[in-house]
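Lettering follows sequence order; numbering is per chain, from 1.
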Amino acid sequence: MATERYNPRDAEPRWQQEWDKNNVYLTDNDDPREKYYVLEMFPYPSGRIHMGHVRNYAMGDVVARYKRARGYNVLHPMGWDAFGMPAENAAMERGVHPASWTYQNIASMKAQLKVMGLSLDWSREFATCDVEYYQRQQYLFLDFLEKGLVYRKQSKVNWDPVDHTVLANEQVIDGRGWRSGALVEQRELTQWFFRITDFSQDLLDSLDTLDQWPEKVRLMQRNWIGRSEGLTIRWEIAGAPASTDEKEVTVYTTRPDTLFGASFLAIAADHPLARQVASGNAEIAEFCDECRRAGTSLAALETAEKKGIDTGIRVRHPLDPSWELPVYVANFVLMDYGTGAIFGCPSGDQRDLDFARKYNLPVVPVVMPKDGDAASFTIGDEAYVGDGVMINSRFLDGLSTEEAFGKVAATLESKEIGGLPQAERKVNFRLRDWGISRQRYWGCPIPVIHCDDCGVVPVPKQDLPVKLPDDVTFDKPGNPLDRHPTWRHVACPQCAKDARRETDTMDTFVDSSWYFTRFTAPWEDKPTDPKVASHWLPVDQYIGGIEHAILHLLYSRFFTRAMKATGHVALDEPFKGLFTQGMVVHETYSRGEGAQREWITPAEIRIEEIEGTRIATHVETGEKIKIGSIEKMSKSKKNVVDPDDIIGSYGADTARFFVLSDSPPDRDVIWSEAGVEGSHRFVQRAWRLISEAAPALKQADARPAKTGAAREISQITHKTLKAVEADYEKLAFNKAVARLYELVNALASPLTQVAAGRADDDTVSAVKDAVTILIHMIAPMMPHLAEECWREIGGNGLIAQSLWPAYDEDLVAENEITLPVQINGKKRADLTIARDADQIAVQSAVLALEAVQAALNGQSPKKIIVVPQRIVNVVV
RNA sequence: GCGGACGUGGCGAAACUGGUAGACGCAAGGGACUUAAAAUCCCUCGGCCUUAGGCUAUACGGGUUCGAUCCCCGUCGUCCGCACCA
């Protein structure tokens, strides 16, 4: 009777070979069946996969295998997001070439993924750093350029004055360069931009059509695009220092209703007016410089203390020429948004209020809540930002904020200064154009040539690819393309004179904005085969981290539109269904404090629980280690777990099953060693029960039992099938897992009886049906175990190529239901009654219950609430 | 700072988004089998009260409702994004 334990080290490679041999996961573009495209966000080849990858790809693989079983022609490809900074950092730190570092990483990560037994079409694999890929990206760039979707403009970068290099935001720590420690400066460079703002309105409107996206992602994108309806208002300059010659300042506001609450104007440090004033005033110039030293990150800017300086300029209030207001330069006003100038209404905006208190500017309440008292309404430390009734606003008093908006707009639109209306209604977007220039080597070269005579000349398509030179050095900071002895020198394609290549490369977000399209025909000479791309796209189910909710997804949505405009695809929205998985997080461990703080990996640590307190000890040294907060697994904090260890000891199926089972997939999962054992026990238990009964099951027909004792087996099996189907459709893997546990628990005793030869024919047939269904249900999550069990019970072919079973409606339906009975909202009894019993029948049955009789104590109930199929509540 | 989420036993969670709170798993405890261990099987398991049973409990404080983990208002805590990390 005793069967051997299931040995994944033997079974898993065996089945992987079998799948490969039969080309089970190769996808044919000409297959006539309905298509289904499932894609997980491709990984950055950092060198090792981590548990986040395992979770991500396990989820995608369940969807792929499930959809395949449902009869779809499934596309499930994989590739590598291979350009980016870490390769250059490795080159600087260890002297490895970015290309060899990257390709080695890809090789080892691919080997790790292979071991997971994912149903991927590896024939379509590519890395974005493959010349074949970035050549087509350059082709797209040229098409976009021709179409007017790309342009150059001045834009700021973080400049490290010691290393003479451009820094990424993450390389700026507290305003200093991460390596040099020098105070970062902002520098203006001419850079390349994609005109994503051409599509602002469409990108916003189309969010409504993405009904298979999480609402929170749509909301985040909506806020990011940030459409607002407001007014640009021109303010006449009444007096100014000698260094300025402007006559007016234009501000953008979404709250013209609060105009009578204005107490100052604030402009950005880069506003032309600020520059003029600064040229004649050292103190203001110093303040503007200080603003520029903050780096370019918005988060850094806005968390900084709000500061300003009076420019000496005075402007006239648009609705009262005798009222003059001061103009400040303020560090929280952005040149990129609106007009780079605002008017401050302290009573209606918290930031303005803080600013006003700091610089002793007047605070006049102009909006109060509807039921407020105008005489006593004041503003303390908190601004009133809501809607309400206008006060202290002359001709607007008593109006609603909305009415006041309209009235101010109408008044100022009809008023003219210098022959032009003083105000204009304006729709504004927060979204900015996408700057793609990077002053770095390891990225896709921007295919243009700078000629002194012809200006900016696109590289002719027949000259593509513009290949990255291999012979580069990283001994110095800065862009190796810039200092390469020959690479940048090239003849102008137009006049053949000496010219220079563009040395900027593209943002890696460009690479990831169309890889899903390339997967549909990665062998094409052109970027895509438009017919094939439009057949496969949109991606039916895209799965990835919530951290990409805005940028990657928005850029991809733009890129698809741009590719449509240039004839490469025939659709706007690349991702029909989106699922954002939670991250894998882990405790952090460290020793030392402050700058001496050193992070320790979980592998180096032993955790013990002593009297309810968890204590971490360094395995080698025996030193006590501080247990820190739970954070996203990252290299810098070293709180990573190596999936190889898990797969090595338990097998891929256990690892896959575990990451799917513990937490809801859209929530963060805290990795813990405990629990893997449980998943593994389930694998062994399922194997043992099935393989022991297999000899008896092999001979039997699979037939659900409609009557008799075996009916119960068939009922729970078919109910589980129905539920698991629904769970897989919703990607609720953790619930599917729970139901499978329940089913196996229920089948344990029948299986044991079958194995012992103590079951009648009907039971054996019902059990065979149950086991067949069970194997199909576990196959998407644990494909190797499923194949092994399938073979054991004498199944035909591969489970990976079998169709999903259908549940039997009869067995799923319930004739009787048990209703909970509440008295005054508290559960006091149960009532079992026919499923189709009407209200009256339910009511009288309830009143007959002992518990209800006791509670009523002879009186009649106040009310009986019967929620059909759900609950009964008796109000006494 | 702004935007978005999340918070339920010792732990991961479930509850068909207004209808029995804690399914299922982990950990823990007890028992069976065994010379012994592992594996396996059975039982207990939010808290309080003396059992039948009752009271209490979904971060905290209010509200709406016959009924709230779910809806509304406020507070606290944690996480993600903020445009050059990917």
Side-chain angles (χ1 to χ4, degrees), chain A residues 5 41 43-44 46 81 83-86 157-158 166-172 214 216-217 219-220 222-224 226 296-306 332 336 350-351 354 430-440 507-509 512 545-552 554-555 580 582-583 585 609 612 629-632 634 636 661-664 666-670 672 674-679 681-682 684-685 688 723 726 734-735 737-742 745 748 752 818-830 862-865 867 870-876:
Chain A
R5 277 171 67 80
M41 291 179 184
Y44 178 79
S46 57
D81 188 12
F83 275 136
M85 283 200 314
V157 293
N158 299 307
V166 176
L167 299 176
N169 282 338
E170 78 159 4
Q171 297 173 320
V172 179
K216 62 176 172 184
V217 175
L219 188 56
M220 280 192 258
R222 223 168 263 140
N223 290 333
W224 185 263
T296 59
S297 140
L298 189 59
L301 211 66
E302 292 206 352
T303 41
E305 191 194 352
K306 308 293 172 285
F332 58 87
D336 296 322
Q350 193 58 43
R351 209 162 48 176
D354 295 342
R430 205 185 76 102
L431 182 66
R432 310 199 297 256
D433 273 334
W434 174 12
I436 60 154
S437 283
R438 296 293 181 271
Q439 294 71 38
R440 273 184 254 289
D507 178 9
T508 55
F509 271 123
S512 55
I546 183 72
E547 67 271 25
H548 295 294
I550 297 175
L551 290 179
H552 163 59
L554 195 61
Y555 289 153
T580 53
M583 289 180 301
V585 294
E609 201 170 316
S629 60
I630 292 169
E631 291 183 52
K632 169 174 156 180
S634 74
S636 59
S661 63
D662 234 22
S663 284
D666 54 349
R667 212 185 284 183
D668 287 354
V669 60
I670 301 169
S672 66
V676 184
E677 284 281 355
S679 295
R681 265 203 293 278
F682 180 78
Q684 292 297 348
R685 181 165 139 92
R688 185 168 38 79
N734 58 323
K735 292 191 217 169
V737 168
R739 294 188 214 279
L740 291 174
Y741 269 110
E742 272 175 308
N745 285 344
T752 313
T818 300
L819 289 176
V821 177
Q822 294 183 331
I823 294 166
N824 291 337
K826 297 212 183 240
K827 194 209 158 192
R828 283 298 125 94
D830 284 313
K862 247 195 200 157
K863 203 171 173 186
I864 301 178
I865 296 147
V867 183
R870 277 280 167 83
I871 202 165
V872 181
N873 191 9
V874 181
V875 185
V876 178

K.L.:
Please confirm whether the shortest side-chain N or O distance from A/K735 to OP1 or OP2 of B/rA15 is below 4.0 Å.
P.N.:
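For B/rA15, OP1 or OP2 has a side-chain N or O of A/K735 closer than 4.0 Å.
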K.L.:
CZ of A/R685 versus C1' of B/rC41: gap in Å, rounded?
P.N.:
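My rounded result for the distance is 9 Å.
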K.L.:
For B/rA27, does either OP1 or OP2 sit under 4.0 Å from a side-chain N or O belonging to A/R681?
P.N.:
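Affirmative; the distance criterion is met.
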K.L.:
Rounded to whole angstrom, note down the P distance from B/rG62 over to B/rC16.
P.N.:
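It comes out at 27 Å once rounded to the nearest Å.
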K.L.:
Could you please name the partner base of B/rA21, counting Watson-Crick and G-U wobble pairs only when both distances are under 3.5 Å?
P.N.:
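None - no nucleotide pairs with B/rA21, as no candidate has both distances under 3.5 Å.
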K.L.:
Before giving the answer on side-chain contact (heavy atoms from CB on, under 4.5 Å), spell out for A/V157 and A/Q439 the whole-Å C-alpha distance, their side-chain angles and the decisive distance to 0.1 Å.
P.N.:
CA-CA 10 Å; A/V157 293; A/Q439 294 71 38; 4.2 Å; yes
K.L.:
Starting at NZ of A/K306 and ending at C1' of B/rG1, how long is that distance when rounded to a whole Å?
P.N.:
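Rounding to the nearest Å, NZ of A/K306 and C1' of B/rG1 are 5 Å apart.
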K.L.:
Could you state the atom-to-atom distance from CD1 of A/I550 to P of B/rC2 in whole Å?
P.N.:
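Atom-to-atom, A/I550 to B/rC2, this comes out as 16 Å.
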K.L.:
For a quick check, tell me whether the side chain of A/N169 and the base of B/rC84 share a donor-acceptor pair closer than 3.5 Å.
P.N.:
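Not at all, since no donor on one side and acceptor on the other fall under 3.5 Å apart.
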K.L.:
Atom CG of A/N223 to atom C1' of B/rC82: distance rounded to whole Å?
P.N.:
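Value for this atom pair: 12 Å.
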K.L.:
Checking all strands, does A/L219 fall into the base, sugar-phosphate, or nothing category for heavy-atom contacts under 4.0 angstrom?
P.N.:
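Here A/L219 touches the backbone only, sparing every base.
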K.L.:
Starting at CD1 of A/I823 and ending at C1' of B/rG54, how long is that distance when rounded to a whole Å?
P.N.:
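Rounded to whole Å, this separation is 14 Å.
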K.L.:
Using the C1' atom in both, what is the distance from B/rG22 to B/rG46, to the nearest Å?
P.N.:
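Their C1' atoms lie roughly 8 Å apart.
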K.L.:
With sugar-phosphate meaning primed atoms plus P, OP1 and OP2, does A/R828 contact a base, only sugar-phosphate, or nothing at under 4.0 Å between heavy atoms?
P.N.:
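Sugar-phosphate: the residue A/R828, judged by heavy atoms under 4.0 Å, touches backbone atoms but no base.
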K.L.:
Would you mind classifying the nucleic acid contact of A/F332 as base, sugar-phosphate or nothing, using non-hydrogen atoms under 4.0 angstrom?
P.N.:
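No contact at all - A/F332 keeps every heavy atom at 4.0 Å or more from the nucleic acid.
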K.L.:
With heavy atoms under 4.0 Å as the rule, sort A/N873 into base, sugar-phosphate or nothing.
P.N.:
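Base: the residue A/N873, judged by heavy atoms under 4.0 Å, touches a nucleobase.
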K.L.:
Using a heavy-atom cut-off of under 4.0 Å over every strand shown, decide if A/L431 touches base, sugar-phosphate, or nothing.
P.N.:
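Counting heavy atoms under 4.0 Å across all strands, the contact made by A/L431 includes a base.
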K.L.:
Is B/rU17 syn or is it anti, if syn means the base angle is within 90 degrees of 0?
P.N.:
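Base orientation relative to the sugar is syn.
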K.L.:
Got a donor-acceptor contact below 3.5 angstrom from the A/N873 side chain to the A/I865 backbone?
P.N.:
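It does not hold such a pair.
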K.L.:
Once hydrogens and angles are ignored, does a donor-acceptor distance under 3.5 Å link the base of B/rC2 to the side chain of A/R351?
P.N.:
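Check fails, no donor-acceptor contact within cut-off.
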K.L.:
Can you find a donor-acceptor pair, distance only, under 3.5 Å between A/Q171 side chain and B/rC85 base?
P.N.:
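When only heavy-atom distances are counted, A/Q171 does not reach the base of B/rC85 through any donor-acceptor pair under 3.5 Å.
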K.L.:
If I compare all heavy atoms of A/P820 with all of A/R870, which pair ends up nearest, and what's the gap?
P.N.:
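Reported closest heavy-atom pair: CD-O, 3.1 Å.
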K.L.:
Determine whether A/F682 and A/S661 make a side-chain contact, defined as any pair of heavy atoms from C-beta on separated by less than 4.5 Å.
P.N.:
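Side-chain contact under 4.5 Å: no.
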K.L.:
Mapping A/V867 and A/A168 to their closest nucleotides on RNA chain B, which lands nearer the 5' end?
P.N.:
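Final value for this comparison: A/V867.
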K.L.:
Between B/rC2 and B/rG25, how far is it from one C1' atom to the other, in whole Å?
P.N.:
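Here B/rC2 and B/rG25 have their C1' atoms 40 Å from each other.
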K.L.:
If you look at every strand shown and take non-hydrogen atoms under 4.0 Å, does A/T303 touch a base, only sugar-phosphate, or nothing?
P.N.:
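Base contact.
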K.L.:
Quick one: label A/R440 by what it contacts on the DNA or RNA (base, sugar-phosphate, nothing), any heavy atom closer than 4.0 Å.
P.N.:
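Base, at least one base heavy atom under 4.0 Å.
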K.L.:
Ignoring the backbone of A/M85, work out which of B/rA83, B/rC85, B/rG19 is nearest its side chain.
P.N.:
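Given the options B/rA83, B/rC85, B/rG19, the side chain of A/M85 is closest to B/rC85.
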K.L.:
When the distance from CD of A/Q684 to C1' of B/rG25 is rounded to whole Å, what number comes out?
P.N.:
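So the CD-C1' distance, A/Q684 to B/rG25, works out to 17 Å.
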K.L.:
Would you mind telling me which of B/rA5, B/rG19, B/rC80 lies closest to the side-chain atoms of A/E547?
P.N.:
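For A/E547, the side-chain atoms sit closest to B/rC80.
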K.L.:
Quote, to the nearest angstrom, the C1' distance that separates B/rG53 from B/rU58.
P.N.:
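The same atom, C1', in both gives a distance of 24 Å.
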K.L.:
Syn if the chi torsion is within 90° of 0, anti otherwise; quick check, which is B/rG63?
P.N.:
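In terms of base orientation relative to the sugar, B/rG63 is anti.
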K.L.:
Counting only side-chain heavy atoms from C-beta out, which of B/rA13, B/rG3, B/rC84 sits nearest to A/M220?
P.N.:
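Closest nucleotide among those given: B/rG3.
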K.L.:
Just checking A/E742: base, sugar-phosphate only, or nothing, at a heavy-atom cut-off of under 4.0 Å?
P.N.:
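Sugar-phosphate contact only - A/E742 comes under 4.0 Å of backbone atoms but never of a base.
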K.L.:
Where the side chain of A/R438 meets the backbone of A/D507, is there a donor-acceptor pair that is under 3.5 Å apart?
P.N.:
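Not confirmed, A/R438 side chain does not pair with A/D507 backbone.
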K.L.:
Determine the interatomic distance between P on B/rA83 and the same-named atom on B/rU75; round to the nearest Å.
P.N.:
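The same atom, P, in both gives a distance of 28 Å.
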K.L.:
Looking at the side chain of A/L298, which of B/rA21, B/rC82, B/rC80 is the nearest nucleotide?
P.N.:
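For the A/L298 side chain, the nearest candidate turns out to be B/rC82.
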K.L.:
Between B/rA14, B/rA83, B/rU20, spot the one nearest the side chain of A/Y555, thanks.
P.N.:
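So the side chain of A/Y555 is nearest to B/rA83.
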K.L.:
Before you tell me yes or no, could you show the steps for A/I546 and A/K216 under side-chain contact (heavy atoms from CB on, under 4.5 Å), namely the whole-Å CA-CA distance, both residues' side-chain angles and the distance that decides it to 0.1 Å?
P.N.:
CA-CA 10 Å; A/I546 183 72; A/K216 62 176 172 184; 3.8 Å; yes
K.L.:
Taking CD from A/E302 and P from B/rG81, how many angstroms apart are they, rounded to a whole number?
P.N.:
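My rounded result for the distance is 17 Å.
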K.L.:
Looking only at side-chain N and O atoms, does A/S663 come under 4.0 Å of OP1 or OP2 in B/rG12?
P.N.:
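Indeed not, no polar side-chain atom of A/S663 lies that close.
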K.L.:
At less than 4.0 Å, is any side-chain N or O atom of A/R438 found next to OP1 or OP2 of B/rC84? Yes or no.
P.N.:
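Yes, A/R438 has a side-chain N/O under 4.0 Å of OP1/OP2 on B/rC84.
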K.L.:
Pick the closest RNA chain B nucleotide for A/V875 and for A/L167 by heavy atoms, then say which residue is nearer the 5' end.
P.N.:
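First, find each residue's nearest nucleotide; the 5'-ward one identifies A/V875.
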K.L.:
Between A/I864 (CD1) and B/rG67 (P), how many Å, whole number?
P.N.:
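In whole Å, B/rG67 P lies 16 Å from A/I864 CD1.
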K.L.:
Dump the intermediate steps for side-chain contact (heavy atoms from CB on, under 4.5 Å) on A/D354 and A/E305, then the final yes or no.
P.N.:
CA-CA 10 Å; A/D354 295 342; A/E305 191 194 352; over 6 Å; no
K.L.:
Name the nucleic acid region contacted by A/A549, choosing base, sugar-phosphate or nothing; use a 4.0 angstrom heavy-atom cut-off, strictly under.
P.N.:
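Nothing, no nucleic acid heavy atom in range.
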K.L.:
Base, sugar-phosphate, or nothing for A/W434, non-hydrogen atoms under 4.0 angstrom?
P.N.:
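Answer is nothing: A/W434 stays at 4.0 Å or more from every strand.
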K.L.:
Does any nucleotide pair with B/rA57 by Watson-Crick or G-U wobble geometry, both distances under 3.5 Å, and what is it?
P.N.:
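Result: none.
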K.L.:
Give me the ring orientation class for A/Y555 and A/F509: parallel if the planes are under 30° apart, tilted from 30 to 60°, perpendicular past 60°.
P.N.:
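A/Y555 and A/F509: perpendicular rings.
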K.L.:
With respect to A/Q822, which candidate in A/V874, A/I871, A/V875, A/V872 satisfies the side-chain contact (heavy atoms from CB on, under 4.5 Å) definition?
P.N.:
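Per the side-chain contact (heavy atoms from CB on, under 4.5 Å) rule, the option paired with A/Q822 is A/I871, out of A/V874, A/I871, A/V875, A/V872.
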K.L.:
Taking any heavy-atom pair under 4.0 Å as a contact, classify A/H548: base, sugar-phosphate, or nothing.
P.N.:
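Answer is base: heavy atoms of A/H548 come under 4.0 Å of a base.
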K.L.:
Looking across every strand, which nucleic acid part, if any, lies under 4.0 Å from A/S297 by heavy atom: base, sugar-phosphate, or nothing?
P.N.:
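Counting heavy atoms under 4.0 Å across all strands, the contact made by A/S297 is with sugar-phosphate only.
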K.L.:
Write down the distance separating the P atoms in B/rC85 and B/rC70, rounded off to the nearest Å.
P.N.:
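My reading of the P atoms in B/rC85 and B/rC70 gives 39 Å.
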K.L.:
Which value, in whole Å, describes the distance between the C1' atoms of nucleotides B/rC79 and B/rG29?
P.N.:
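Looking at atom C1' only, B/rC79 and B/rG29 are 35 Å apart.
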K.L.:
When the C1' atoms of B/rA13 and B/rG4 are considered, how many whole Å apart are they?
P.N.:
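Each nucleotide's C1' atom is 24 Å from the other's.
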K.L.:
Evaluate side-chain contact (heavy atoms from CB on, under 4.5 Å) for A/L301 paired with A/F332, printing each intermediate quantity in order.
P.N.:
CA-CA 7 Å; A/L301 211 66; A/F332 58 87; over 6 Å; no
K.L.:
Would you mind classifying the nucleic acid contact of A/V872 as base, sugar-phosphate or nothing, using non-hydrogen atoms under 4.0 angstrom?
P.N.:
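No contact.
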K.L.:
Does A/R667 make a side-chain N or O approach to OP1 or OP2 of B/rG7 shorter than 4.0 Å?
P.N.:
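So the side chain of A/R667 is within the cut-off, an N or O lying under 4.0 Å from OP1 or OP2 of B/rG7.
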K.L.:
Could you tell me whether A/G435 contacts a base, only the sugar-phosphate backbone, or nothing, with contacts defined as non-hydrogen atoms closer than 4.0 Å?
P.N.:
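A/G435: backbone/sugar contact only, no base atoms under 4.0 Å.
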